[in-house]
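Below you'll find the structure, written out as structure tokens, and then a few comments.
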Amino acid sequence: MSEVRILDLADAPVEGESRQVQFEHPVTDKIYTLGVYFAKGRYLAIIDLCKKCNSSLTQGKLNGMYALCAREDHAWNIKTGLFKFDRTQSIPTYRVISKDERLYIEI
């Protein structure tokens, strides 16, 4: 695993909010679109795509630890990636590290 910088801390979301982040993995050149959230005092990152309807999670609402997608309010746990109503479905999540005034994820 490697650490990839995703955001400067000055641009990070505040409590209860999110920010969409796109970056290219430095080794694989794959483009990632993540939702970065600040909830309950910690930063969390999840792929910004609802598997149920292909809409954005960051453009939807945050309800506690659940991101509700913009189109149909499907609820995804931003810590575990699990779909609220069918725990057999999940979206990848990433550990967020804060250091040197920046946010990184382990990927």
Side-chain angles (χ1 to χ4, degrees):
M1 291 198 136
S2 61
E3 289 182 4
V4 176
R5 183 173 66 95
I6 56 169
L7 201 56
D8 289 337
L9 203 51
D11 298 324
V14 296
E15 183 68 38
E17 292 187 6
S18 65
R19 170 168 235 135
Q20 185 184 72
V21 175
Q22 277 195 332
F23 68 94
E24 183 176 333
H25 191 284
V27 176
T28 65
D29 296 328
K30 181 179 176 180
I31 303 293
Y32 286 82
T33 303
L34 300 180
V36 178
Y37 294 83
F38 191 65
K40 298 190 179 184
R42 61 188 285 203
Y43 291 102
L44 301 151
I46 187 169
I47 293 291
D48 188 28
L49 183 67
C50 175
K51 281 176 71 173
K52 302 294 271 177
C53 67
N54 291 324
S55 69
S56 170
L57 298 177
T58 58
Q59 292 177 9
K61 298 174 267 182
L62 184 63
N63 185 0
M65 292 300 279
Y66 287 93
L68 307 177
C69 73
R71 186 175 299 147
E72 297 183 18
D73 286 341
H74 293 121
W76 298 90
N77 187 301
I78 58 175
K79 182 178 177 184
T80 64
L82 295 173
F83 182 54
K84 185 174 185 175
F85 302 107
D86 180 356
R87 301 182 125 236
T88 64
Q89 296 188 44
S90 66
I91 297 172
T93 60
Y94 300 92
R95 182 172 173 243
V96 179
I97 302 159
S98 175
K99 68 178 183 182
D100 304 326
E101 298 298 315
R102 295 187 174 118
L103 294 179
Y104 299 81
I105 60 165
E106 286 186 346
I107 193 167

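Any value given below was found using the heavy atoms of this structure, including those in side chains, with hydrogens, waters and symmetry copies removed. Throughout, residue positions are numbered sequentially from 1 according to the sequence presented.
- Between the side chain of E101 and the backbone N or O of D8 there is no donor-acceptor pair closer than 3.5 Å.
- With R102 contributing its side chain and R5 its backbone, the two residues share no donor-acceptor pair below 3.5 Å.
- The minimum heavy-atom distance between C69 and S55, with the atom names listed, is CB-OG, 3.3 Å.
- Here the rule is ring pair (Phe, Tyr, Trp, His ring centres under 6.0 Å) with Y43, and of Y104, F38, Y94 only F38 fits it.
- Remark: Y37 OH to M65 CE distance equals 11.0 Å, nearest 0.5 Å.
- Side-chain contact between I78 and T93 is absent, with no heavy-atom pair separated by less than 4.5 Å.
- Note that NZ of K52 and CZ of R71 are 13.5 Å apart. Values are rounded to the nearest 0.5 Å.
- Closest approach of I47 to L57, counting heavy atoms only: O-CD1, 3.6 Å.
- Checking side-chain atoms of K51 against main-chain N and O of S90 turns up a donor-acceptor pair under 3.5 Å.
- Distance CD1/I105 to CZ/R95: 12.0 Å, rounded to 0.5 Å.
- Judged by the 6.0 Å distance and 45° axis criteria, K84 is positioned over the aromatic ring of Y66.
- Residue pairs meeting the ring pair (Phe, Tyr, Trp, His ring centres under 6.0 Å) criterion with at least one member in residues 2-27, sequence neighbours excluded, are F23-Y32.
- The two residues E24 and D29 come nearest to each other via the heavy atoms OE2-OD1, 3.0 Å.
- Within the model, atoms CD1 of I6 and CD1 of I107 stand 9.5 Å from one another, a figure rounded to the nearest 0.5 Å.
- When every heavy atom of I91 is checked against every heavy atom of C50, the shortest pair comes out as CD1-CA, 4.3 Å.
- R19 contributes a side-chain N or O that, together with a main-chain N or O of D11, makes up a donor-acceptor pair within less than 3.5 Å.
- A donor atom on one side chain and an acceptor atom on the other are not found under 3.5 Å apart for D48 and T33.
- Between atom CD of residue E3 and atom NZ of residue K99 there is a gap of 3.5 Å, rounded to the nearest 0.5 Å.
- We find the CG-OG1 distance between L44 and T80 to be 10.0 Å, quoted to the nearest 0.5 Å.
- Grouping the Ile, Leu, Val, Met, Phe, Trp and Tyr side chains by contacts below 4.5 angstrom, directly or via other members, places I31 apart from V4.
- Of all the heavy atoms in L62 and A39, the pair that sits closest is CD2-CB, 4.4 Å.
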List the steps and the verdict of side-chain contact (heavy atoms from CB on, under 4.5 Å) for V96 and R42.
CA-CA 9 Å; V96 179; R42 61 188 285 203; over 6 Å; no

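- Considering every non-hydrogen atom in both L7 and A12, the closest pair reads CD2-CA, 3.7 Å.
- Residues I46 and I97 do not share a hydrophobic cluster, clusters being chains of Ile/Leu/Val/Met/Phe/Trp/Tyr side chains in contact below 4.5 Å.
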